[in-house]
Amino acid sequence: MNADRRGFLQGASSTLGALALRSLFGGDDGKRPPLAARAKNVIWLHMEGAPPTLDMFDRKPTLDRLHLQKCPDSFLQKERFAFIKGHPLLLGHQHGWIRGALGTEVCELFPHLAQQLGQCTLVRSMVTDQFNHAPAEHLLFAGAPRPGRPSFGAWASHGLGSENRDLPAFVVLLSGNLPSAGKALWASGFLPSVHQGVEFRAAGEPVLYLQDPAGYDRARRERALRAGVDLDAEALAAHGDPETAARIAQAELAFRMQLSVPEATDLASEPAEVHALYGTTPGQRSLANNCLLARRLVERGVRFVQLHDSGWDIHGTSPGDDLMTQFPAKAAQLDRPLAALLVDLQRRGLLDETLVVWGGEFGRTPMNEARDGSRFLGRDHHPHCFSMLLAGGGTKRGAVVGATDELGHRVTETPIHVHDLQATVLCLLGHDHEKLTYRFQGRDFRLTDVFGKVRRELMA
Amino acid sequence: MKPRLAIAAACLLVAAAGAQQHWAYRPLLRPTPPAAASGFGDGPIDAFVAAKLAAAGLPPSPPADRAVWLRRAALDLRGLPPTPDELAAFLADDGPDAKARAADALMAGPAFGERWAQWWLDLARYADSQGYEKDDLRPTMWRWREWVIDAFAAGMPLDQFTVEQLAGDLLPGAGDEQRLATAFHRQTMTNTEGGTDDEEFRVAAVVDRVDTTMQVWMGSTLGCAQCHDHKYDPFSQREFFQLYAYFDQTEDRDRGDDEPKLLAPTAAQRAASARIAAELATLRPQLVAERRLALPATAPGVFAPEPAVVAVRDDGDVPLAPALAALRVRARALDAELAGWRGPAVPVLRELPPDRRRTTRIHRRGSFLDPGDAVQPALPAVFAAWGGDGAPAPTDRLGFARWLVSPNNPLTPRVLANRIWSELFGQGLVTTLEDFGVQGEPPSHPELLDWLACELRDGGWSLRAFLKQIVLSATYGQSSAQSAAHREHDPYNRLLARGAAFRLSAETLRDQALAVAGLLAPTVGGPSVMPPQPDGVWLQMYSGAHWHAAQGPDRYRRALYTFWRRTSPHPAMMVFDAQSREACVLRRARTNTPLQALVLWNDPQFREPAVALAALAHTAAAAEGDYAGIALLWRRCLCRRPSEGEGARLLELLADERAHLQAVPQQAEALVGAGREGAVALAPWTVLASVVMALDEFVTRR
């Protein structure tokens, strides 16, 4: 092939490739949402298993007073428990309380986070429909209690595109085990799979198959890429299939990701002061590392970063899942990194455009579970009320929304269903949850199914 | 009225009713193909397509090169590319029936069964695990997959294929194979998470069976009628639960052990069992005789006749004659061996006995906790009207399965014909494969669809005969090159003015890589296997199960045998749009992402074939020069010769790589694997092979 022809084809391929890329990734600059957006990015920290938010953010002196007394009979009527049998006893708080910013009472195990509540909207009145982990997680992240629907991040990618042409729009970070509902929580469902979350792994390769095999250096990879692009471009000239142009563009993006992803995930390049703030050690698989990584990713324009941290299923069947040992251990892993993330986003001017969401998939009972007579203290699954934290991205700064009754059993004020939360987050991102739809199997599907209301109470 | 007039009047009535009816529900009558257009194919398919093209003012495309046709047909019909020998033989065959002979040959072997089983597994939501949170393994489901492969390979008619899978257990005189077939509907998920309500997930499984059945066979999405009357299609919530009632009487109830199960030995296991049982049968009289000699005082009758090992009582301190001891050892060994040949226990459908049948009730707002009126099994009114011959409405699962494929049902042949067509054209005549309701897309060629549906139904439901008609049509054989007119007037090729081009499925891509490299292991059937996957992918909450990549031939089996865990399917397959199989998937997306390039470059599943293919090219090059090596790559991977420009570009890359590797020989060793002879000579070819195996033309079927 002579040089002129090759030059022509390369020129043609990159033009075609760029065009195709725009249609696939929603353009280099992302899509403009239809409504005025308050948030550009989301960092969602999911505490897998459901943390005992009753013991973290919703102090109940009456519960302490009635500790180890039988719960009211009304608690058992028409109620299905995951594990509780017989007539359970109420369980008071097991840790002390401190005053955080704005005078809000917070469990003493979270001293750093307590100081940051001034940045946050604390919602004490979350409600869900599901009392088992996987269905509740599907409901929270995909709007329906069973697998198969697109996840929140996939909807965000679909509705907003990517802001960085060298990185995916939706990234998932795991510390601990996979969530109960598995990878469905970042699946694209029936949306095009370009929108599915890409798992960046904390150890080993940050993206599967990113690293070239032994024997390839960057120059060899580039020579191979160029040869492939030239050959594809010649084929494209012969048959004119736009998919081939897209494939060329995607190969070029893959080649760029081989550099951009290791750069974005290189925590070691952060100064010591930042590591001290988060409590991070590069190379570890930890929530702290993932908090710092999340900040680096939104800084680079990743639209939706979803963190899952496992180990919060505080049933009290052993020291491994009880309120006295496991809960303080998890608190220590969460407190400083989450506070650091809020501080760090704020001082970099990123908190205004980044919405941080923290919480689990449901709440936990005011009663002690005592499964099979266990002597360890813990709480069973409870869908009727739980707390979540929101910060930045157009939410109120320093607000408490909603309330529960004196035992933390039911919401008494401003119930916020998980579908309402989804509608509100979409609204902050500039999308009407009733209009961001996708036609599949003869129906227009949306994240909030046929439910959800935008809740102005949560917005600044 | 004279009889002839009566028929005519009835036809008029049917036609009048049909005019009101949604197209998909109209009676299926064979349309007459239009007069054939000159210069295009002369078969009915081509006549329908040509008429539409003439009306649109687009000419059909010229035929694809014969080699392109062969690669296309081979990938479509058996999911594996032509071998170099097959290619040479086909190109040398200039007889008028060369394509027909080739099509027959491509559909002859077990690879045909594997390829169509591959297709069916998505519809059946096949997996090797239970799904939901714990996602424990289902280590015996492969036995049902084997049933599917065998059924396709043996040419089982699709109506029988349907009835056996949905209700084989209820067939009069049902054998083990028919019972095994019903594992189709035991692919539903089982929830073993602690604290879950088994009834809730049994209900979810039954709902899934209704949804899956109606989508796969009827192209009807009833899911929303579970909670309320369907918004668009004529299905009420009551009718949903009447359908549900057909499936509500099986014994399974979300048990962690997936009972009820059927012991389903393979043919080989049955043969082995028979051999051992025969030897035991000859051994038993000897044992009895020897034992009487040794212990004459023992009362008669202590030896139970079956099984033999029970007959061998351990008498502790009684000294044994050497002959008896030897017999006992042999009998014990045989018995242990017999246990090993019992075969897998596969979850199947089994109907509840009459005294334990459930009362099916409507679930108000879709909640099983809020039961409403009791309902009996019945067809939705819109379908019940089809029972033209006065046949009674089906009352049980078997009746329902038979009704699905009865001549009175116009929807099933339309849906299946369309779905099979889409496997060969990348999209259906109705693009919404899953929705033939009023919200679905209408067919691009309604008469062609009906003609195909009649062919399928009236042709004995033979998949092979149906496929052969299609692949021999001129429509199928057109070149897939796109002109400016195509892009402007018909970008999605709905009019079929050109051949179809689409990216291969995740499984076919992997199979093709193994095949062109000569690595593909030929074993058919058997348990699922574990090819390489990255470490740490199978992180699971409770399960201690681990992924151990196979080292022997199982490393290189066809991808339909790859172990399929719902919460963690093989990541490279997911990158190419495989689904997690939590529910039935009627239409996979076909995406084009950067991660796909990374898999093709870096996944050991593609790297190892690249090295094997490179060795073949290197050998050819050593004997006949570099161009011969490049020609081999092109022939094996793309079924053609390289153009002058392509050849020159690869020779340039080869020279570049040689120059660089000469300078850094340790890289050469890394490329081909440590300790391999002649690494520096071979290594540049691995780069070339890897480039070719990531080419658009390689990953696309054109």
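Below, all heavy atoms of this structure are taken into account, side chains as well, without hydrogens, waters or symmetry copies. Protein chains get the first letters and strands the later ones, always in sequence-line order, with residue 1 at the start of each.
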Is the cationic atom of Arg702(B) (NZ for Lys, CZ for Arg) positioned less than 6.0 Å from the six-membered ring centroid of Phe502(B) and within 45 degrees of its normal? no

Closer than 4.0 angstrom, basic N to acidic O: yes or no for Arg503(B) and Asp696(B)? no

Chain A contact via Leu695(B) - side chain, backbone, both or neither, heavy atoms under 4.5 Å: both

Checking Ser483(B) against chain A: side chain, backbone, both or neither under 4.5 Å from a heavy atom? neither

Contact part of Arg221(A) toward chain B, heavy-atom cut-off under 4.5 Å: side chain, backbone, both or neither? side chain

So what's closer than 4.5 Å to chain A heavy atoms on Gln605(B): side chain, backbone, both or neither? neither

What part of Arg498(B) gets closer than 4.5 Å to chain A, counting heavy atoms only: side chain, backbone, both or neither? neither

Whatever's closer than 4.5 Å to a heavy atom in chain B on Phe131(A) counts as side chain

Under 4.5 Å from any heavy atom of chain A - which part of Asn191(B): neither

Contact part of Ser479(B) toward chain A, heavy-atom cut-off under 4.5 Å: side chain, backbone, both or neither? neither

Who among Arg371(A), Met257(A), Gln258(A) has the most heavy-atom pairs with chain B under 4.5 Å? Gln258(A)

Trace of the ring pair (Phe, Tyr, Trp, His ring centres under 6.0 Å) decision for Trp312(A) with His133(A): CA-CA 11 Å; Trp312(A) 289 93; His133(A) 297 295; over 10 Å; no

Yes or no on side-chain contact (heavy atoms from CB on, under 4.5 Å) for Leu185(A) and His308(A), after CA distance, side-chain angles and deciding distance? CA-CA 10 Å; Leu185(A) 301 184; His308(A) 294 275; 3.7 Å; yes

Residues Glu697(B), Arg247(A): salt bridge by 4.0 Å N-O rule: no

Which bit of Phe698(B) is near chain A, if near means a heavy-atom gap under 4.5 Å: side chain, backbone, both or neither? neither

Engaged part of Leu600(B) at the chain A interface, taking heavy atoms whose separation is under 4.5 Å: neither

Tell me whether Asp217(A) at atom CG has more than 12 heavy atoms from other residues, nucleotides or ligands lying less than 6.0 Å away. yes

Among Val599(B), Asn602(B), Val692(B), Leu688(B), the residue with the most heavy-atom pairs under 4.5 Å to chain A is Asn602(B)

I'd like to know if Arg364(A) pairs up with Asp313(A) as an ion pair, taking the criterion as any Lys NZ or Arg NE/NH1/NH2 lying under 4.0 Å from an Asp or Glu carboxylate oxygen. yes

Salt-bridge present (Glu252(A), Arg226(A); N to O < 4.0 Å): yes

Would Phe170(A) and His195(A) count as a ring pair (Phe, Tyr, Trp, His ring centres under 6.0 Å) here? Give the steps. CA-CA 7 Å; Phe170(A) 177 16; His195(A) 298 302; 9.8 Å; no

Between Ile84(A) and chain B, which part of the residue has a heavy atom less than 4.5 Å away: side chain, backbone, both or neither? neither

Is it the side chain or the backbone of Leu650(B) that comes within 4.5 Å of chain A heavy atoms, both, or neither? side chain

Tell me which of these, Ala227(A), Ala134(A), Ala219(A), has more heavy-atom pairs under 4.5 Å with chain B than the rest. Ala227(A)

Check side chain to side chain donor-acceptor pair (under 3.5 Å) between Ser61(B) and all other residues, then give those that pass, not counting sequence neighbours. none

Gln211(A) meets the side chain to side chain donor-acceptor pair (under 3.5 Å) criterion, sequence neighbours left out, with none

Find the one option among Arg80(A), His138(A), Arg220(A) whose heavy-atom pairs under 4.5 Å with chain B are most numerous. Arg220(A)

Does any backbone or side-chain atom of Arg566(B) lie under 4.5 Å from a heavy atom of chain A? Answer side chain, backbone, both or neither. neither

So which of Glu441(B), Gln666(B), Arg487(B), Glu669(B) has the largest heavy-atom pair count under 4.5 angstrom toward chain A? Arg487(B)

Should the pair Glu644(B)-Arg649(B) be classified as a salt bridge under the 4.0 Å nitrogen-to-oxygen rule? no

Could you check which of Pro491(B), Ala572(B), Gly219(B) has the highest count of heavy-atom pairs closer than 4.5 Å to chain A? Ala572(B)

